[in-house]
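In this text, all values refer to a predicted model and were calculated from it rather than measured experimentally. Just so we're on the same page: letters track the sequence lines, and every chain starts at 1. What you see below is based on every heavy atom in this structure, not just the backbone, and it leaves out hydrogens, waters and symmetry mates.
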Amino acid sequence: MAEVRLPDGRTLEVPDGTTIRAITEQIGPQLAKAAVAARLDDRLVDVSTPVAGAAPLTVLTGKDPEGLEVMRHTAAHVMAEAICRLWPAARLVYGPTVRDGFFYDIDLDEPIRPEDFERIEAEMDRIVKEDVPITRIEMTRQEALERVSGDPYKTDNIQRADGEIISFYRHGDGFEDLCRGPHVPSTGRIGAFKVLSVAGAYWHGDASQKMLQRVYGTTWPTGKELRAYLDRLEEARKRDHRVLGRQLDLFSFHEEGPGFAFLHPKGMIVWNEIVDFWREVHRRHGYQEIKTPILLNESLWHRSGHWDNYKENMYFTVVDNTTYAVKPMNCPGGLLVYKTRKHSYREFPMRVAELGLVHRYEASGQMHGLIRVRQFTQDDAHIFCTPEQIEPEVIGVIDLVQEIYRAFGFEEYHIELSTKPEKHIGSDEMWEVATRSLAGALEHRGLAYQVNEGDGAFYGPKIDFHIADCLGRTWQLGTIQLDFSMPQRFELVFTDKDNTEKPPVMIHRAVLGSLERFLGILIEHYGGNMPLWLAPEQVRVLPISEKTLDYGQEVLTVLQQAGLRAELDRGDEKIGAKIARCHGDRVPYMLVVGPKEAESRSVGVRMRGSKATQTMTAGAFVAAAKEKIATKALE
RNA sequence: GCCAACGUAGCUCAACGGUAGAGCACUGGUUUUGUAAACCAGCGGUUGAGGGUUCAAAUCCCUCCGUUGGCUCCA
């Protein structure tokens with residue numbers, strides 16, 4: 001007899017070899033109908049799996065995250081079959097689930113186009129209606145290799161698979177695919193699906209390999225959930241910083257300068273507020289600030305190693321037969337400043353910041369609004385210190401990063417530690433010491449992090465801070481990079497206690513990363529609704545009619561005298577229209593002034609996003625607003 | 001850079017072989033308004049650029065530029 005323990009604590013005794021499906025039938029017809037897969041003894045399995053011995057069993061339905069993932073995985077297979085029916089020449093490569101959906105990589109010379117999606121969905125519908133059982137076939141690795149012989153992709157997949165038992169899944173008569181599983185019991189059980197997009201993807205993510213067609217889709221337990229998901233996507237697009245940037249007149253891009261952002265007056269207000277705050281925090285954390293040139297002689301870049309390691313991302317210009325590079329990084333210039341005089345251990349740690357404008361040539365396909373550009377301002381700093389000071393300094397930077405992110409309301413970010421890449425300078429020993437110090441600092445602060453082997457900068461390992469945009473794509477903001485190489489290349493020294501000259505350790509770090517990117521992420525984070533301290537226009541005075549325009553002007557003067565960024569709506573529209581426009585412009589406060597308010601010398605305060613109004617004196621409003629600004633209230 | 005799609009008025013979109021149209025914005029006028037968009041009129045386009053096919057091209061074909069979604073690469 002087998003003994004399965006259910007999540008509610010019950011134990012069921014069934015004969016060995018009883019399938020999970022039979023057990024679900026025993027528990028209840030509802031569950032039997034809803035079951036898509038199961039977790040048996042901590043393994044994800046098909047419901048057709050027989051049980052033996054004693055094991056915990058959790059039956060999964062589309063409501064469980066794991067069950068939904070199984071549905072999505074099966075949906076990928078169903079889509080693959082549909083595509084194979086429509087394009088018999090298609091070769092299947094790899095079809096995993098991703099967040100909120102799945103994709104299948106397909107090798108097919110004829111392009112699959114968005115107008116084909118309906119045909120694919122119709123064919124999938126047919127497969128779903130057929131509702132054929134999905135069965136698992138197991139065999140040895142050798143048998144599996146023979147079964148797929150001639151198919152380079154599946155052969156490769158088998159060679160990469162773990163374990164000696166290789167499984168295939170088959171549904172209907174013809175369709176079979178190499179797969180670890182598990183899958184839902186039949187093709188009728190994949191929920192409400194939609195084919196979303198198609199894009200090129202290199203085999204194994206290697207640009208030297210063939211480009212495959214990656215077809216993306218999603219599926220949800222019910223049509224209602226599918227529609228809710230599509231609505232969410234639609235909503236997310238409204239938060240897109242490129243859309244809001246145009247709508248709110250913050251910035252623009254032009255064909256004349258692809259990848260170079262033009263900041264408009266309102267965008268500059270946000271920018272300057274960020275910079276003011278940044279300077280205040282950095283002064284408090286013991287940073288000095290410098291500014292170095294954008295164009296520097298090519299020879300400097302030979303010395304720094306950028307010529308050998310970064311040339312393809314750099315811009316150059318020739319004047320008087322001399323080649324200058326447009327700086328892609330601020331460090332070499334900062335090192336020239338360091339070398340203008342002797343340094344003592346007493347100055348260390350020396351924290352030198354620079355809001356440096358850098359240019360990096362990015363291939364055309366990777367630009368993305370403000371988030372990925374060819375010219376950006378790094379909130380850079382270089383910390384010169386002794387080896388003993390590395391860990392406390394890195395901890396200090398981590399604390400600084402957390403303080404600044406918190407001020408903007410960023411609670412969700414993740415941390416990555418990147419190690420030695422193939423193309424690098426410096427000895428293996430240096431890399432090891434540097435990498436250990438970074439990990440040590442993270443562990444000291446008890447922060448979880450993910451290791452990216454081989455993803456470091458060419459001069460040292462790094463810690464990166466990543467934040468997601470409106471569509472869930474994550475981007476790197478802050479970074480802490482250790483560098484034992486650059487000081488050697490530039491023969492930097494400091495005089496130590498024992499009166500000998502030694503090379504300092506250099507830490508490159510950025511908190512916001514790129515101001516442009518940060519601004520983009522910030523816009524999406526707030527959906528354009530900037531907190532009061534950042535809002536380009538903080539208050540708008542709305543007269544009920546021209547009759548109270550004069551009083552409105554008076555209130556405006558009070559607001560402006562108090563240092564608030566305020567405007568007066570002089571239009572002759574009705575008050576409802578003026579309010580609607582304020583919402584569109586994302587103005588945090590609306591002050592309605594009509595005859596009543598003029599009479600009592602007050603203002604009717606209405607907050608963005610709310611219907612409630614409150615009457616108070618202009619002075620009381622100013623005091624409350626200034627308090628919010630001073631504390632950088634997030635509302 | 002690669003794969004696919006897209007590019008029409010300032011913005012959002014329509015017209016899909018027969019000499020470009022709407023809403024919003026903008027300008028002028030009417031209205032003098034009480035809490036999420038009053039009314040009328042006007043202005044506005046060598047349809048991203050260049051070439052080709054055709055009696056005729058926004059529409060079909062080619063090249064380039066830009067943008068979008070991915071891949072690769074990075075802040």
Kindly point out which of [options] is positioned nearest to the side chain of [X]?
X	options	result
A:Ala201	B:rC71, B:rU35, B:rA37	B:rC71
A:Glu362	B:rC73, B:rU35, B:rA36	B:rC73
A:Pro595	B:rG1, B:rG34, B:rG70	B:rG34
A:Ser197	B:rU67, B:rG69, B:rG1	B:rG69
A:Arg246	B:rU12, B:rU33, B:rC73	B:rU12
A:Met211	B:rA75, B:rG69, B:rC3	B:rC3
A:Val198	B:rU33, B:rC3, B:rA4	B:rA4
A:Arg360	B:rA75, B:rU30, B:rG70	B:rA75

Check: A:Trp203 ring centre within less than 6.0 Å of A:Tyr153 ring centre: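 Centroid separation for A:Trp203 and A:Tyr153: below 6.0 Å.
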
Centroid-centroid distance, A:Trp307 to A:Phe316, less than 6.0 Å: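 Yes; A:Phe316 has its ring centre under 6.0 Å from that of A:Trp307.
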
Nearest-Å distance once atom C1' is located in both B:rA22 and B:rG45: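 14 Å, rounded to whole Å.
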
Provide a list of protein-nucleic acid N or O atom pairs under 3.5 angstrom, restricted to nucleotides 60-65 of chain B.
none

Pairs involving residues 534-553 of chain A, ordered by first then second residue, that meet ring pair (Phe, Tyr, Trp, His ring centres under 6.0 Å) (sequence neighbours left out):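 Non-adjacent pairs meeting ring pair (Phe, Tyr, Trp, His ring centres under 6.0 Å): zero.
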
Flag for A:Thr292-A:Lys327: side-chain donor and acceptor within less than 3.5 Å: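 Side chains of A:Lys327 and A:Thr292: pair found under 3.5 Å.
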
If you look at every strand shown and take non-hydrogen atoms under 4.0 Å, does [X] touch a base, only sugar-phosphate, or nothing?
X	result
A:Gln481	sugar-phosphate
A:Arg517	base
A:Leu477	sugar-phosphate
A:Gly365	base
A:Arg509	nothing
A:Glu546	base
A:Arg372	base

Gap between atoms CD and P, on A:Glu573 and B:rU30 respectively (whole Å):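 In whole Å, B:rU30 P and A:Glu573 CD are 16 Å from each other.
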
Euclidean distance, atom CD of residue A:Glu256 to atom P of B:rU67 [Å, nearest integer]: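 Nearest whole value for this atom pair: 11 Å.
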
Ring pair (Phe, Tyr, Trp, His ring centres under 6.0 Å) between A:Phe262 and A:His254, worked out: CA-CA 8 Å; A:Phe262 289 67; A:His254 303 272; 4.5 Å; yes

Aromatic plane relationship, A:Tyr459 with A:His306 - under 30° parallel, 30 to 60° tilted, over 60° perpendicular: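 Tilted.
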
Side-chain donor/acceptor of A:Tyr202 to base of B:rG70, under 3.5 Å: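 Checked by distance alone, the answer is no.
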
OP1 or OP2 of B:rU33 under 4.0 Å from side-chain N/O of A:Lys547: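 Answer is yes, contact under 4.0 Å.
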
Under 4.0 angstrom between A:His204 side-chain N/O and B:rU72 OP1 or OP2: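 For B:rU72, neither OP1 nor OP2 has a side-chain N or O of A:His204 closer than 4.0 Å.
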
